[in-house]
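Report on the structure given below.
Scope of the values below: all heavy atoms of this structure, side chains included, with no hydrogens, waters or symmetry mates.
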Amino acid sequence: TFEDYLDGQHACSIWAYDHTVDFPAKRGRNINFFKLGLGVGQNLETLSNIVKRNGHNNTVIEYLKIDIEHAELQPGGLPDWLSSGVLGNVNQIGIELHLASLHTGPRFKWLLRILQDLYKLGFRLISYQPNLVMGPGRDNLYDCIEVVFMKDTVWGQGRD
């Protein structure tokens, strides 16, 4: 998995959360697993509370990977992450966006505001790809897209 690769090849500390599966609390050298989901509701917690719980309020999070099956657009999702300030110490965000509900009506304006707010925080879109495994929806549009945002301050790090 992505987590195993980062643990084995780069010795990253990994904090994984998913309330829908059962995994051991510790795997590999640096993978910590919690049976708790991201969002608002039963067995869910907000991203800002999870970051606080991990003791990472003042820690740079190099890569935040999120796939929460449509909940990124719900309460406790992107709008909450932006308004709470929790993304302030995050350098990169990899997220799968589930956009089926946005294909009708004026909802794309709402998503555009979210993207503008990410831009104001210094995030730039560096990668995007439709989820080819899921394929296009019944309207022949791809409903799931993998995107990666990186803060523009990261570009020059490590260079003299």
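Of the charged side-chain nitrogens involved, at least one lies within less than 4.0 Å of a carboxylate oxygen, so that Lys35 and Asp22 count as a salt-bridged pair. Looking at Arg27 and Asp7, no side-chain N of the basic residue comes within less than 4.0 Å of a carboxylate O on the acidic one, giving no salt bridge.
The aromatic rings of Trp15 and Phe34 sit parallel to each other, their planes meeting at less than 30°, with 60° as the upper class boundary.
Using a 4.5 Å cut-off between side-chain heavy atoms of Ile, Leu, Val, Met, Phe, Trp and Tyr, with links allowed through other members, Leu111 and Val147 fall into the same hydrophobic cluster. Ile14 and Phe23 fall into different hydrophobic clusters, defined by Ile, Leu, Val, Met, Phe, Trp and Tyr side-chain heavy atoms under 4.5 Å apart, directly or through other members. Side-chain heavy atoms closer than 4.5 Å link hydrophobic residues (I, L, V, M, F, W, Y) into clusters, and following such links, possibly through other members, connects Val148 to Met150. In terms of hydrophobic clustering, with Ile, Leu, Val, Met, Phe, Trp and Tyr side chains grouped at heavy-atom distances under 4.5 Å, Ile50 and Leu64 are assigned to a common cluster.
Listed for the Glu72 side chain is a donor-acceptor partner under 3.5 Å among the backbone atoms of His98. Using a distance-only test at 3.5 Å, with no hydrogens or angles considered, no donor-acceptor pair links the side chain of Asn91 to the main chain of Val60. With hydrogens and angles ignored, the 3.5 Å screen pairs no side-chain donor or acceptor of Lys151 with any backbone N or O of Gln92.
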message: For a side-chain contact (heavy atoms from CB on, under 4.5 Å) check, start with the C-alpha distance between Leu38 and Trp81, then their side-chain angles and the critical distance, and finish with the verdict.
response: CA-CA 11 Å; Leu38 181 59; Trp81 309 338; 3.7 Å; yes
- request: Decide side-chain contact (heavy atoms from CB on, under 4.5 Å) for Val51 and Ile61; before the verdict, give the C-alpha distance in whole Å, the side-chain angles of both, and the deciding distance to 0.1 Å.
  value: CA-CA 10 Å; Val51 167; Ile61 298 170; 4.2 Å; yes
field: From CA spacing to verdict: side-chain contact (heavy atoms from CB on, under 4.5 Å), Leu36, Arg53
entry: CA-CA 12 Å; Leu36 181 68; Arg53 173 185 173 161; 3.1 Å; yes
task: Start with the C-alpha distance between Glu96 and Asn131, add both sets of side-chain angles, then the distance that settles side-chain contact (heavy atoms from CB on, under 4.5 Å), and finish with yes or no.
output: CA-CA 8 Å; Glu96 183 172 54; Asn131 184 325; 2.6 Å; yes
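The two residues Pro24 and Phe33 have their closest heavy-atom pair at O-CB, 3.3 Å. Contact between Gly76 and Val40 at its shortest, heavy atoms only, is CA-CG2, 3.6 Å.
Annotation: the span from Phe2 atom CZ to Asp67 atom CG amounts to 12.0 Å, rounded to 0.5 Å. Rounding to the nearest 0.5 Å places CD1 of Ile126 at 10.0 Å from CZ of Phe149. Atom CG of residue Leu6 and atom SG of residue Cys12 lie 5.0 Å apart, to the nearest 0.5 angstrom. Distance check, rounded to the nearest 0.5 Å: CG of Leu115 to CG of Leu125 gives 8.0 Å. One finds the CG atom of Asp143 at 11.5 Å from the CG atom of Leu97 (value rounded to the nearest 0.5 Å). Between atom CG of residue Asn54 and atom OG1 of residue Thr59 there is a gap of 9.0 Å, rounded to the nearest 0.5 Å.
Asp152 and Tyr119 form no side-chain donor-acceptor contact under 3.5 Å, judged by distance and modelled atom types alone.
Residues Leu87 and Phe123 meet the side-chain proximity criterion, which asks for heavy atoms closer than 4.5 Å. Between Asp4 and Ile31, some side-chain heavy-atom pair lies under the 4.5 Å cut-off. For the pair Lys26/Asn32, a side-chain contact is recorded, criterion being any heavy-atom separation below 4.5 Å from C-beta on. Between Asp117 and Leu78, every side-chain heavy-atom pair lies at or beyond the 4.5 Å cut-off. Here the side chains of His19 and Leu44 are in contact, with some heavy-atom distance below 4.5 Å.
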